[in-house]
Structures are given as structure tokens and as C-alpha cells.
There are 2 protein chains.
Amino acid sequence: MVESNSETENRILEAAKMVFFRKGLDGARMQEIADEAGINKALLHYYFRSKDKLFEAIFAATFTQFFPKVDQLTLSNRTLKEKLSEFIDIYIQLLRDNPQLPMFVVREINRDPEAILTLMQRNLPGKNILEIFHQFAAQMQSECNLTQAEALHTLINIISMCVFPFIGRPLLKQMFFEQDNNRFDEFISQRKDIIKKTIFSTLGW
Amino acid sequence: MVESNSETENRILEAAKMVFFRKGLDGARMQEIADEAGINKALLHYYFRSKDKLFEAIFAATFTQFFPKVDQLTLSNRTLKEKLSEFIDIYIQLLRDNPQLPMFVVREINRDPEAILTLMQRNLPGKNILEIFHQFAAQMQSECNLTQAEALHTLINIISMCVFPFIGRPLLKQMFFEQDNNRFDEFISQRKDIIKKTIFSTLGW
DNA sequence: GTCTATACGCAGATAGAC
DNA sequence: GTCTATCTGCGTATAGAC
């Protein structure tokens with residue numbers, strides 16, 4: 001997940017990730033990270049000079065993860081429908097494996113949009129994903145008679161329907177599932193098919 | 001927006017809302033709120049005992065706002081399609097008027113899910129909205145031949161497509177609009193119709 | 001590399017004059 | 001009610017022994 005040399009450094013990165021995911025940069029405490037890693041607070045500063053540096057390491061590694069790796073999609077000569085279907089499968093699976101990822105990313109990006117976005121360009125995380133999206137949009141326009149704007153809305157509809165349930169989880173769980181985690185997980189497990197159905201019907205399929 | 005007695009108290013509440021919206025509870029500073037209100041830090045503690053109390057006042061007032069007031073929808077004897085359409089209109093308009101609302105709510109709810117949710121029950125904010133949603137779901141099941149699960153997914157799809165663009169704004173703006181606020185606002189202005197079209201086609205309309 | 005002890009600044013909160 | 005001045009604790013960061 002996060003490549004590094006020393007064993008301790010890995011423990012720190014893992015611990016920092018957990019705490020930053022839960023609390024965000026502002027809410028996180030170096031002491032909590034140290035406890036989580038089972039080491040001393042001073043060691044954090046030995047490996048990473050400051051809290052900010054440690055956070056940057058976590059964010060950079062995490063942010064790229066937020067975009068699904070769909071390199072295979074680009075080259076495959078499948079139909080648009082199959083590609084969209086595969087994208088939704090891959091993305092929902094990614095989010096199920098990392099349910100806290102979306103909240104972390106949007107929280108920190110909204111906290112400091114500029115700093116984060118320059119970091120985004122530097123790490124060119126979604127370079128691939130942007131190409132994929134562009135492909136999707138172009139194909140939707142030609143094959144489904146959509147305007148450019150409509151194609152973009154459709155893409156963002158997909159992203160919205162995939163991502164939002166993970167961001168709004170506590171709220172949705174309270175409103176619709178009586179705080180029952182099992183019922184919510186079952187709901188999530190149905191998402192792939194629902195999103196496909198919704199998008200496909202919009203596209204006239 | 002926030003009712004109260006004294007003029008100063010109102011200024012504080014307005015200022016606190018702005019700062020808490022921007023920075024969240026953890027990131028906000030009492031000094032910044034005081035500056036924003038054009039008063040002294042000590043006055044904040046005079047009117048509200050602590051930062052937490054001040055935050056609670058803001059959150060309680062804001063949270064109820066997050067749910068659209070659709071009392072009229074309940075009683076009107078319009079078709080389901082018209083009701084859904086009206087709901088989307090009202091909700092998107094609400095979010096356009098308060099674009100920072102969704103991020104604030106989900107950030108704070110994810111920070112402290114239990115505290116917030118008990119507060120939610122106490123203030124019974126979405127009592128009306130839950131009834132509306134239940135109505136929508138029931139009608140979708142009977143009129144559109146949906147299962148209970150499918151109806152729920154459809155509701156959450158609507159919410160996702162309405163809310164997510166506001167939460168993901170900085171990211172979407174970077175990825176799809178080259179940081180151009182005007183283009184993003186134009187995108188938002190198209191949302192009502194797009195969401196209706198998407199949902200209606202799913203429902204076979 | 002890892003620890004304990006400590007320095008230092010900042011932010012929340014209070015005291016008390018006016 | 002509103003201010004200035006101050007207290008206090010906490011959290012980041014460093015010093016220095018081992």
C-alpha cells in the first residue's frame with residue numbers, strides 16, 4: 001500500500017493512515033498515531049520531520065488510490081456498455097475495500113483545495129482516469145446521441161452514485177437502515193447492478 | 001437563519017457559521033470567529049460557554065436546513081412524477097443557495113456519528129422528510145413495479161446525484177472544468193433537468 | 001533507532017476593569 | 001455587555017541519553 005524501507009516506517013505510515021482517515025488532519029493527534037503504531041511520539045518526528053510532512057506522505061499515497069486503475073479498459077476492444085459496466089464493477093469494489101477513502105479525500109481537498117490540487121497535478125494521479133473519462137464521454141456522444149454536456153453529466157452521475165453512499169454512510173444508515181450495519185452492507189452489495197441499470201436506461205439500453 | 005435576541009449574538013452566530021463551514025469544528029479557531037464577527041474573543045465565551053456549545057448551536061440550526069422543507073408535497077394530490085420533479089427542483093435550489101451545507105454536514109457527522117445522530121433524533125429534523133421518502137418509495141413500488149430495495153436505491157440515487165457535486169466540487173472543478181467557476185456553475189444549473197431525466201428513464205417514464 | 005524529558009507556542013477559557 | 005490581560009492545558013517539536 002505504501003512502499004518504504006524500514007519496518008518502523010511502515011508501521012508509522014499504517015498508523016498515520018488509520019488516524020488521518022478517522023480524524024482528518026486537523027483532528028488527528030501525533031500521540032494517537034504513535035500509540036496506534038506502538039512507538040514513541042518522538043520517533044514520528046525522526047522519520048517524518050513534522051505532522052504536515054507525515055500527512056503529505058499519506059495523502060499522496062492515498063489520493064492516487066482514489067482513482068481506479070483501469071489501464072486494461074483503455075486497450076480492450078469491448079463495447080462502451082461493457083466498458084462502463086467494468087468500470088462500475090471495479091470502482092465499487094475499490095470503494096468497498098476502502099470505505100473511508102472518499103470521506104478522507106473530499107474532507108482534505110475541501111480543507112485546502114489549492115495545495116491539494118497542485119499536489120494532484122504533480123502526482124498526476126488521474127492522468128489515466130481522465131483519458132478514460134474522455135473516451136467514455138466521446139463514445140457516449142457518438143453512440144448515444146448525447147451532447148458533450150450530457151455525457152459529462154452522465155459520467156458525474158456514475159461517480160456520484162458510486163461515491164456518495166460511502167460519504168453519507170452514517171446519515172443514510174440512520175435514516176434508512178435503523179443503524180443496522182448488515183442491512184447497509186447488503187445495500188452496498190446491490191449497488192453495482194443498480195447503478196448499471198440506472199445509467200444504461202438513461203443511455204437508452 | 002438563526003433566530004436569537006441580541007444583535008451581537010446574531011453577529012457571532014453568523015461569523016461562527018462561516019468559519020465552521022470553511023474549517024470544520026477541528027480546524028476552526030475562536031479567534032477567527034471573533035475577528036469575523038468584529039468582536040473580542042472573550043465575548044464568544046460570554047454568549048456561549050465554550051467552543052463546543054457554540055458549535056452545537058450552529059450545527060443544530062444548520063442540520064435541519066439540510067433537509068428540504070417539502071410540507072406542501074405531502075398534501076398535494078399530484079402524480080408521483082410531479083412530486084419527484086418538485087422535490088428535485090426544491091432540493092437543488094436549496095443546495096445552490098447553500099453550497100457549503102453538504103460538506104459541512106457530512107464532515108461533522110463523520111467526525112462524530114453518535115453525538116450527531118442523537119442530536120438528529122432530538123431535533124427531529126428529517127421527521128417530515130422521512131415521511132416523504134417513505135411515501136415516494138411506496139408509490140414507486142406500486143406504480144413502477146419496483147421492489148422495496150429498488151425504490152430505496154432510487155431515492156438514494158436522487159440524493160447522491162443532487163448532493164455529491166457540491167461535496168466533490170473542488171475535485172470535479174479540477175478534473176472537468178479546468179478550475180473555471182463559471183463553467184462549473186453552468187454545470188450545476190443544468191443538474192435539475194439531468195437528474196430528472198436520469199431518474200425518470202429508470203422508472204420507465 | 002528508540003527512548004524520556006522538556007521546551008515552546010497556541011488556543012480555549014477565565015478574571016476583572018470599565 | 002464589552003474589553004484587556006492572563007491563566008492553563010494541550011499538542012507539536014526538540015534535546016539529549018542510551
Side-chain angles (χ1 to χ4, degrees), chain A residues 2-62 104 107-108 110-112 115-116 119, chain B residues 2-62 104 107-108 110-112 115-116 119:
Chain A
V2 177
E3 82 297 340
S4 93
N5 323 324
S6 107
E7 170 59 22
T8 302
E9 194 171 336
N10 281 329
R11 298 246 305 283
I12 293 176
L13 286 168
E14 281 303 311
K17 183 179 172 182
M18 290 189 61
V19 176
F20 282 136
F21 270 40
R22 282 200 299 265
K23 306 290 185 70
L25 171 61
D26 291 328
R29 295 292 165 256
M30 294 295 266
Q31 184 60 58
E32 192 176 350
I33 296 174
D35 293 345
E36 188 79 38
I39 56 153
N40 191 277
K41 218 175 30 161
L43 259 193
L44 299 180
H45 290 90
Y46 175 80
Y47 280 93
F48 305 85
R49 278 184 49 76
S50 67
K51 184 185 179 183
D52 280 344
K53 300 273 188 205
L54 177 53
F55 175 79
E56 274 179 40
I58 298 297
F59 189 86
T62 302
F104 174 72
R107 186 207 287 125
E108 303 307 332
N110 276 276
R111 182 182 56 78
D112 189 351
I116 296 292
L119 192 147
Chain B
V2 176
E3 81 297 340
S4 91
N5 323 325
S6 107
E7 168 60 22
T8 302
E9 193 171 336
N10 280 329
R11 296 246 304 283
I12 292 175
L13 285 169
E14 282 302 312
K17 183 179 170 183
M18 289 190 60
V19 176
F20 282 138
F21 269 41
R22 282 202 298 266
K23 306 288 185 70
L25 172 61
D26 292 329
R29 295 290 166 257
M30 294 295 267
Q31 184 61 56
E32 192 176 351
I33 296 173
D35 293 345
E36 186 81 38
I39 56 153
N40 193 278
K41 214 173 39 157
L43 260 194
L44 299 179
H45 290 90
Y46 175 79
Y47 280 93
F48 305 85
R49 279 185 49 76
S50 66
K51 184 184 179 183
D52 281 344
K53 299 273 188 208
L54 178 53
F55 176 78
E56 274 180 39
I58 298 296
F59 189 86
T62 301
F104 174 72
R107 187 207 286 125
E108 303 307 331
N110 276 276
R111 181 182 57 77
D112 189 351
I116 297 291
L119 193 146

Paired with Glu36(B), the salt bridge (charged side-chain N to carboxylate O under 4.0 Å, His left out) test is passed by just one of Lys41(B), Arg29(B), Arg22(B), namely Arg22(B)

Taking the basic N atoms (NZ, or NE/NH1/NH2) and the acidic carboxylate oxygens, is any pair closer than 4.0 Å for Glu108(A) and Arg111(A)? yes

Min side-chain heavy-atom separation Ile116(B)-Asn110(B) under 4.5 Å: no

Specify the closest pair of heavy atoms between Asn40(B) and Ala34(B), including all atoms of both residues, with the distance to one decimal. C-CB, 3.9 Å

Identify, residue by residue, the members of residues 21-30 of chain A with a heavy atom below 4.0 Å from DNA chain C, and return them in order of residue number, or none. none

Would you say that Asp112(A) contacts Leu25(A) through its side chain, given a criterion of any heavy-atom pair below 4.5 Å between the two side chains? no

4.5 Å side-chain heavy-atom contact, Glu14(A) and Met18(A): no

May I ask you to decide if Thr62(A)'s main-chain N or O and Lys17(A)'s side chain share a donor-acceptor pair within less than 3.5 Å? no

Interatomic distance where NZ belongs to Lys41(B) and P belongs to dA11(C) [whole Å]: 8 Å

Close side-chain approach of Phe48(B) and Leu13(B), heavy atoms under 4.5 Å: yes

Note: chain B reaches DNA chain D at heavy-atom distances under 4.0 Å over the stretch, first to last nt, 5' to 3', of dG1(D) to dT4(D)

Classify the ring geometry of Phe55(B) against Phe20(B): parallel below 30°, tilted from 30° to 60°, perpendicular beyond 60°. perpendicular

List the steps, then state whether side-chain contact (heavy atoms from CB on, under 4.5 Å) holds for Ile12(A) with Leu54(A). CA-CA 9 Å; Ile12(A) 293 176; Leu54(A) 177 53; 4.2 Å; yes

Using heavy atoms and a sub-4.0 Å distance, could you list which residues of residues 44-56 of chain A are near DNA chain C? By number, please. Tyr46(A), Tyr47(A)

Please report, rounded to the nearest Å, how far the C1' atom of dG12(C) is from the CG atom of Asn40(B). 13 Å

